[in-house]
Amino acid sequence: MFEIIFLGTSASAPSVRRGLSSQVVKHNEHRFLIDCGEGTQRQILQSGIGFKRLDKILITHGHLDHILGLAGLFSTFSRWETIPEVEIMAGGYALERIKKLLYGVQIIHPRKSQIKLTMTEIQPGILFEDDDFSVTAFSVSHRGPDCFGYLFEEKPRRPFLVEKADALGVPAGPLRGALVKGETITLKNGKVIGPEEVLGEEKEGTRLMHVGDTGRIDNLLAHCKGVDTLVIEATYMEEEKEMAKDFAHLTAGQAATLAKEAGVNQLILTHISRRYRERDVRNEAREIFPNTTIARDFDLYQVKRGECIKVKQN
Ligand SMILES: [Zn+2]
Ligand SMILES: [Zn+2]
């Protein structure tokens, strides 16, 4: 299961109700902050998730509405020893701007700052891998180079069939653990049991995809195929589709078309413009893809295989 907490859901400039782009994806003890628009630091406090273990930051692209909050966040991090080490992962262009932002006026001081900051330039492919999940980056077309989307994917796993293990006389404890790891075991009575005998059919893991600003959907279709939850921008509506094209953004209708063609389970729209009513954006998308919601600041969703539950609603 993944959890996503929306910290900022507004496009370009904040509104009274919406902060600038930022969200946290959680999996077990891991936390990934995706984008860090102005004001993110305060949104983190208000959301109640805190700064602990917020040590991996993924940036979708280098536009200011997605990175300016890093200045405030690191101003705090570098003075209050909130967190010892942080890694920022972003495309080359975004990293250049982030370096100017953080080092230009010495928000991070090369010698005095307590924090160890690593900046990693992203290439498409696997960014992070743990025992049971991975994070993959893929290219996205927006204004300027090096824009990325991120796929969070649990590894497929075979469930342990307790009834079969019981029937075969495998005692609870380390022997069962060994079978789960795929090892063959020998019981006290000499009986040899292989993992095939107690593991069920392989089940696909949960997939959560986050796409920041983008002007195209055709090159995302293959990446989005069958994901459980797709989080993507919807800055414009169809009535202003020419403007969406000019600024390399999507309309709600385009985002919904992508969700429909890719066969995703749930669509969550974010990067919402102040120019529209939320209800109108939602309706435009739902006409094409009914399983659509509009993210609001501080919404928390749990994403499981074939299931997406809004746990906390703002
Ligand atoms: Zn933006
Ligand atoms: Zn942008």
Side-chain angles (χ1 to χ4, degrees), residues 4-25 32-44 57-73 88-101 121-122 124 137-150 209-220 223 230-237 240-256 258 267-276 278 281 285 294-297 299:
I4 181 162
I5 300 132
F6 290 91
L7 298 171
T9 56
S10 183
S12 305
S15 69
V16 174
R17 290 183 180 277
R18 295 178 184 276
L20 286 171
S21 286
S22 188
Q23 42 267 303
V24 171
V25 172
F32 298 83
L33 179 70
I34 307 177
D35 285 343
C36 190
E38 177 203 332
T40 294
Q41 179 175 200
R42 189 135 195 285
Q43 300 290 89
I44 292 170
I57 302 178
L58 306 175
I59 299 294
T60 59
H61 66 299
H63 286 159
L64 294 179
D65 58 323
H66 297 256
I67 63 166
L68 271 183
L70 291 170
L73 192 65
I88 298 179
M89 293 166 258
Y93 173 75
L95 274 190
E96 281 311 308
R97 301 190 95 188
I98 292 166
K99 281 179 191 162
K100 283 183 193 154
L101 184 67
E121 184 174 338
I122 288 178
F138 53 91
S139 293
V140 164
S141 304
H142 183 48
R143 302 194 312 277
D146 308 327
C147 304
F148 291 97
Y150 301 109
M209 172 170 288
H210 179 278
V211 179
D213 297 7
T214 180
R216 279 172 60 187
I217 55 170
D218 58 305
N219 57 354
L220 297 178
H223 296 292
L230 169 65
V231 178
I232 194 166
E233 72 127 308
T235 313
Y236 289 92
M237 291 183 60
E240 291 181 300
K241 63 179 177 202
E242 287 309 314
M243 196 140 41
K245 204 169 153 194
D246 290 346
F247 290 103
H249 281 296
L250 296 185
T251 66
Q254 283 178 300
L258 172 64
L267 174 65
I268 306 177
L269 299 178
T270 185
H271 206 268
I272 306 299
S273 171
R274 294 181 296 175
R275 58 208 296 132
Y276 309 117
E278 182 187 289
V281 178
I294 310 282
R296 290 181 179 176
D297 292 14
D299 277 352

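Numbering of ligands and ligand atoms starts at 1, following listing order. In this chain, numbering begins with 1 at the start of the sequence shown.
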task = Could you pull out the atom name of the N/O/S atom in Asp65 that is nearest the Zn ion (ligand 1)?
result = OD2
inquiry  = Need the atom name: nearest N/O/S atom of Asp213 to the Zn ion (ligand 1).
reply    = OD2
task = Report yes if the side chains of Thr60 and His210 come closer than 4.5 Å at any heavy-atom pair, otherwise no.
result = yes
Nearest-0.5 Å distance that lies between atom CZ in Arg42 and atom CG in Leu7 = 13.0 Å
message = If you round to 10 degrees, what value do you get for the angle at the Zn ion (ligand 1) between His66 atom NE2 and His271 atom NE2?
response = 100°
ask   = Would you call Glu278-Arg17 a salt bridge at under 4.0 Å N-O?
value = no
ask   = Do you know which of Phe148, Tyr150, Phe138 makes ring pair (Phe, Tyr, Trp, His ring centres under 6.0 Å) with His223?
value = Phe138
message = Using the Zn ion (ligand 2) as the vertex, how large is the angle between NE2 of His61 and ND1 of His63, rounded to 10 degrees?
response = 90°
Heteroatom N/O/S of Cys147 within less than 2.8 Å of the Zn ion (ligand 2) = no
inquiry  = Using 30° and 60° as the class boundaries, would you call the ring planes of His249 and Tyr236 parallel, tilted or perpendicular?
reply    = tilted
